[in-house]
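Working notes for the structure below.
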Amino acid sequence: MLYWILKRIILGPLLRVLFRPQVEGLENIPEDGPAILASNHLSFSDSIFLPLVLDRRVTFLAKADYFTGTGIKGRLTAFFMRGVGQIPINRSGGKASEAALNSGLAVLERGELLGLYPEGTRSPDSRLYRGRTGVARMALSAGVPVIPVAMIDTDKAQPTGQVVPNIMRIGIRIGEPLDFSRYEGMEGDRFVLRSVTDEIMYELMRLSEQEYVDMYATAMKEKLLTRARNRARQLQEAAKPGKAAPELEEALDAGDRRAPSPWAEDS
């Protein structure tokens, strides 16, 4: 109930006026029946804007952290996620992965639309990263089509960590459904799962026009975090009492030379 109240009465009309979403390919969404919407992931608001432009309800598998936050912001987020029917999942792997699969399959068995982010997490730098094979396993297990969806400029409207979004127009491109029925019964073959996932990611790259990076987004985030920690350690060491100012400047310069861009990859 809260889902439709938020969409049609409270948030929906306001967001449509402020962000004027430009949508292409709405005809590719089936009027009924189950399907997976596989989207790139640029911003927290992706899970708000995509359902906003569709007549049908979309249920997303959302990370469990959104449901366990503390403080006013954490409680409001948890209330919102539960209210709109999002399903919490634990992304630690093993049995948690099986539970996530079963939760998604239950949505599809009800004949509904399931929203998934194959990258597994938000892009750290607006590029498209390697897809996780969970989306392929779910599509083959349920025998449903996968509809690629490209979110455009949502990262500019609401960058990571920014609570109040920037008012600007965003875009959504919906591709034609991808049929993987030729792989029926092969959801246990890891080579098939990788092939299906890569086909989905290719369509997302084509629709979004993002640069593709053949590594997982989580690995890139860890890489950037490690680099930031090393830089902070160097600066702390150079700033200790007894260190000359030129030594601090040298440490700063050395860090800049090693990482000319915060998103640059090591060779």
Please identify each residue that fulfils side chain to side chain donor-acceptor pair (under 3.5 Å) with Ser126, with sequence neighbours left out. Asp155

Contacts of type side chain to side chain donor-acceptor pair (under 3.5 Å), residue Ser181, not counting sequence neighbours: Asp179

Atom CG in Leu108, atom CG in Leu114: separation rounded to 0.5 Å? 5.0 Å

Name all residues meeting the side-chain contact (heavy atoms from CB on, under 4.5 Å) criterion together with Ala157; count only those two or more places apart in sequence or in a different chain, and write none if there are none. Phe19, Met168, Ile170

Mind checking whether Val196 and Leu178 sit in one hydrophobic cluster, side chains of I, L, V, M, F, W, Y counted as touching below 4.5 Å? yes

One should read off an interatomic distance between Ile36 CD1 and Ile200 CD1, to the nearest 0.5 angstrom, of 7.5 Å

Salt bridge (charged side-chain N to carboxylate O under 4.0 Å, His left out) partners of Glu187, counting only residues at least two apart: none

Where Ala38 and Val146 come nearest, the two heavy atoms and their spacing: CB-CG1, 3.7 Å

Can you tell me how far apart OG1 (Thr68) and NZ (Lys63) are? Round to the nearest 0.5 Å. 9.5 Å

With a 4.5 Å cut-off on side-chain heavy atoms, are Thr218 and Arg130 touching? no

The test is side chain to side chain contact (heavy atoms under 4.5 Å, CB included); show your working for Ile29 and Asp55 and say whether it passes. CA-CA 9 Å; Ile29 301 294; Asp55 291 332; over 6 Å; no

For Glu27, does the CD atom sit with more than 12 other heavy atoms under 6.0 Å from it, leaving out its own atoms? yes

If you compare all heavy atoms of Arg8 against all heavy atoms of Pro13, which two are closest, and at what distance to 0.1 Å? O-CG, 3.4 Å

Closest approach of Val58 to Gly115 (non-hydrogen atoms, all atoms of both residues): CG1-N, 3.9 Å

Hydrophobic cluster membership, with links at side-chain heavy-atom distances under 4.5 Å among I/L/V/M/F/W/Y: are Val23 and Val17 in one? no

Please report the interatomic distance CG(Leu15) to CD1(Ile167), rounded to the nearest 0.5 Å. 8.5 Å

Hey, are the side chains of Leu105 and Met138 touching, using non-hydrogen atoms and a 4.5 Å cut-off? yes

For Arg169, I'd like to know if atom CZ has over 12 heavy atoms of other residues, nucleotides or ligands within 6.0 Å. yes

Shortest non-hydrogen contact from Ala100 to Ile89? CB-CG2, 3.9 Å

Tell me, with the steps shown, if Arg122 and Leu42 meet side chain to side chain contact (heavy atoms under 4.5 Å, CB included). CA-CA 5 Å; Arg122 281 172 286 182; Leu42 297 173; over 6 Å; no

What I want to check is whether the side chains of Arg227 and Asn230 have a donor and an acceptor closer together than 3.5 Å. no

Does Glu24, at its CD atom, have more than 12 non-hydrogen atoms belonging to other residues, nucleotides or ligands within less than 6.0 Å? yes

Lys7, NZ: over 12 other non-hydrogen atoms inside 6.0 angstrom: yes

Kindly indicate whether the side chain of Val149, heavy atoms from C-beta on, has any atom under 4.5 Å from the side chain of Ile172. yes

Minimum heavy-atom separation for Phe67 and Ala62, please, with both atom names. CE1-CB, 3.9 Å

Please tell me if the side chains of Met201 and Pro118 come closer than 4.5 Å, counting only heavy atoms from C-beta onward. yes

For residues Tyr129 and Tyr212, establish whether the separation of their ring centroids is below 6.0 Å. no

Applied to residues 35-45, the side chain to side chain donor-acceptor pair (under 3.5 Å) test, sequence neighbours excluded, yields Asn40-Gln210, His41-Asp46, Ser43-Ser45

Considering all heavy atoms of both residues, which atom of Ala35 and which atom of Pro30 are nearest to each other, and what is their separation? CB-CG, 4.4 Å

Take Gln86 and Tyr66 through the side chain to side chain contact (heavy atoms under 4.5 Å, CB included) test and state the conclusion after the steps. CA-CA 10 Å; Gln86 306 308 286; Tyr66 287 143; over 6 Å; no

Working to the nearest 0.5 angstrom, can you tell me the gap between Phe80 CZ and Tyr3 OH? 9.5 Å

Any pair counted as ring-ring contact (aromatic ring centres under 6.0 Å, His included), so long as it reaches residues 150-205, sequence neighbours left out: none

After noting the C-alpha distance and the side-chain angles of Leu128 and Val213, does the key distance pass the side chain to side chain contact (heavy atoms under 4.5 Å, CB included) rule? CA-CA 6 Å; Leu128 183 68; Val213 182; over 6 Å; no

Atom CZ of Arg173 and atom CG of Leu204: how far apart are they, to the nearest 0.5 Å? 12.0 Å

Qualifying residues under side chain to side chain donor-acceptor pair (under 3.5 Å), relative to Asn166, sequence neighbours excluded: Gln162

For Glu222, what residues pass the side-chain contact (heavy atoms from CB on, under 4.5 Å) criterion, not counting sequence neighbours? Leu225, Thr226, Arg229

By salt bridge (charged side-chain N to carboxylate O under 4.0 Å, His left out) - contacts of Arg182 (at least two apart): Glu199

Going hydrophobic residue to hydrophobic residue with side-chain gaps under 4.5 angstrom, can you get from Ile152 over to Leu50? no

Is the CG atom of Leu14 crowded by more than 12 outside heavy atoms at less than 6.0 Å? yes

For Ser47, side chain to side chain donor-acceptor pair (under 3.5 Å) partners two or more places apart: Tyr117

Just wondering, do Met205 and Glu211 contact through their side chains at under 4.5 Å, heavy atoms? no

Measuring only between side-chain heavy atoms, which start at C-beta, is Arg194 closer than 4.5 Å to Thr133? yes

Would a 4.5 Å heavy-atom cut-off, applied to side chains only, mark Asn28 and Pro177 as touching? yes

Within one Ile-Leu-Val-Met-Phe-Trp-Tyr cluster: Leu52 and Ile9, side-chain cutoff 4.5 Å: yes

Who are the salt bridge (charged side-chain N to carboxylate O under 4.0 Å, His left out) partners of Arg132, not counting sequence neighbours? none

What residues, two or more places apart in sequence or in another chain, satisfy salt bridge (charged side-chain N to carboxylate O under 4.0 Å, His left out) together with Arg16? none

Can you tell me if Asp153 uses its side chain to pair, donor with acceptor, with the backbone of Lys156 under 3.5 Å? no

Would you kindly confirm whether Leu224 and Tyr216 end up in one hydrophobic cluster when ILVMFWY residues are joined by side chain heavy atoms under 4.5 Å apart? no

